[in-house]
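Notes to accompany the following structure.
For ligands, and for the atoms within them, numbers begin at 1 and follow the listed sequence.
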Amino acid sequence: MAGVQDACDLCETAVNDDDIPLQEPFRLTIDIKATLVNKPLTKEDKKIRKTAREDKIEELTKKVSALRNAGGGALFVHLQGLSPNDRCLGLFNEYVDDTLTKLIEDGVLFVDTYTKIWLSEHTTSEGYQEYLLLIVKSSPSLTTADFKTKVKESVCTMAGVAYMKEPRNTEVVVSWPSNSPLLPRVRLQEKLFEAIQTHVLTSGKLSVYPPKTARTMSDILYQRIQIHGKHFEGGLSFVTRSLAVVLNLPKVDIPDGVISEVFYVLPDRPSMILCFVCEKRDDLGKYVLRLARRAINQIRKYTDEHFSAVYGLLDPGDLESDNLFADVLRSIEDKTSALCSLHALSMNNVKCMNIIRAFLAAVAVTDLTEGHSMKPELRLLSKQQFCNLVENIDKDMVVIDKATSTEADGCSEILMIEVARRLEKRGPTILLVQEDLKIKLQEQHADIVSHILASDELEDVSRDNYPNIQHIVAANMKNE
Ligand SMILES: [Zn+2]
């Protein structure tokens with residue numbers, strides 16, 4: 001789609017090149033024909049070149065102000081057709097400096113706002129002779145962090161494709177606290193897990209997560225939980241179609257009649273695993289027992305706390321009033337706590353937080369680690385990937401929007417694979433990708449999902465050709 005994808009192939013490579021030692025995570029590109037810049041305007045070509053030059057200045061203005069408002073960044077100026085010997089900045093400065101000066105409204109010096117460097121002099125990577133980097137500092141007049149974040153989000157639409165590089169050298173591999181001696185080490189960005197935790201939890205209050213998006217049959221369940229947890233300072237209630245899917249458990253067959261599943265942690269109360277069902281039946285009772293055992297084992301892997309949980313079924317009758325709901329939770333507690341060690345059930349504030357962290361880690365971990373050491377390693381999804389995963393995982397048709405993703409393409413690939421892999425646990429899934437990626441995935445991950453198809457095969461997807469398919473995961477094709 002024009003206006004979204006405006007970088008040339010080389011620019012796309014350059015902004016994503018890990019060998020470029022650049023601190024600025026926020027990057028934009030602009031293509032300018034060198035002939036527009038490196039010759040002064042003569043009378044003859046004034047008419048033709050003048051409009052082209054003005055258009056480019058307008059684009060440059062937009063992009064530089066986007067970077068200033070977003071807290072600073074790097075503009076990759078691609079001077080197309082520049083000869084390798086032409087390293088004089090004079091004409092370029094003449095062309096852009098007036099405009100750049102106008103963008104400083106806060107009295108800061110030009111030299112404190114902009115730095116120009118030749119990219120080829122600062123990297124060992126080949127092929128960047130035509131690039132000038134314009135490093136842009138933030139505008140101090142925009143200071144509130146919240147506003148900056150908003151601006152950052154809108155930069156993509158204001159200024160074409162924005163590339164967010166994860167900050168360099170902050171990736172760490174840690175031994176996660178665990179009850180299992182076999183848990184591989186976990187690779188993550190520093191501070192990443194805290195970011196996920198802050199996003200999910202509400203300080204001093206129960207958090208009911210993920211936020212529900214549309215009206216669902218679980219609406220009333222959300223309400224009852226919110227009222228029930230009102231008096232607790234902290235805690236998490238995670239409501240989903242399938243805990244097995246979000247917790248990355250081995251594939252389970254979910255019986256008919258299960259509407260929602262809940263993981264409920266509160267300080268001073270036993271943790272609960274609840275299944276909201278159409279009506280209570282024996283097979284559903286066995287199902288929630290099996291689910292609880294597996295979920296508890298999975299959560300134990302990500303904490304060294306001694307942990308167990310009570311479990312049970314809820315039906316629409318139990319949700320008729322807040323009192324009935326509180327009563328049924330109490331009776332679930334009484335019935336199944338006899339089966340667990342009391343020590344494992346007891347909770348104080350610290351343990352409550354540790355159990356929530358363990359739950360979130362189990363959700364956020366993916367075992368897809370490519371291009372790293374040969375030792376098995378788990379990897380934490382980024383906060384954005386975590387949100388996209390959790391907020392999409394209950395849908396049947398999941399579209400990963402590449403255009404609005406502020407992350408590099410590789411990241412949305414990981415996310416698509418992860419969403420498809422999890423959904424496959426709930427039922428047969430089609431992963432729809434571009435032709436070249438299809439070949440790569442079929443070689444490496446053929447077993448993760450029922451079908452991997454190229455996007456142009458979408459027309460062949462019908463109930464006749466794929467009778468059992470329950471989910472489709474695709475990139476947003478509009479923007480390809
Ligand atoms: Zn370019």
CA sep, side-chain torsions, deciding dist, call: Leu221, Gln226, side-chain contact (heavy atoms from CB on, under 4.5 Å): CA-CA 9 Å; Leu221 180 62; Gln226 232 133 20; over 6 Å; no
Residues Thr303, Asn354; criterion side-chain hydrogen bond (donor to acceptor under 3.5 Å, both in side chains); working and verdict: CA-CA 7 Å; Thr303 178; Asn354 285 341; 5.4 Å; no
Using the rule side-chain contact (heavy atoms from CB on, under 4.5 Å), only one of Ile273, Ile225, Leu243, Val208 pairs with Val262; which is it? Ile225
Under 2.8 Å from the Zn ion (ligand 1), how many protein N, O or S atoms can be found? 4
Would you mind listing every side-chain hydrogen bond (donor to acceptor under 3.5 Å, both in side chains) that reaches into residues 240-252, with sequence neighbours excluded? Thr240-Asp394, Arg241-Asp396, Asn248-Lys425
Taking only residues two or more places apart in sequence, or in another chain, which ones meet Tyr131 in a ring-ring contact (aromatic ring centres under 6.0 Å, His included)? His78, Tyr128
Non-neighbouring partners of Phe76 that pass ring-ring contact (aromatic ring centres under 6.0 Å, His included), sequence neighbours left out: none
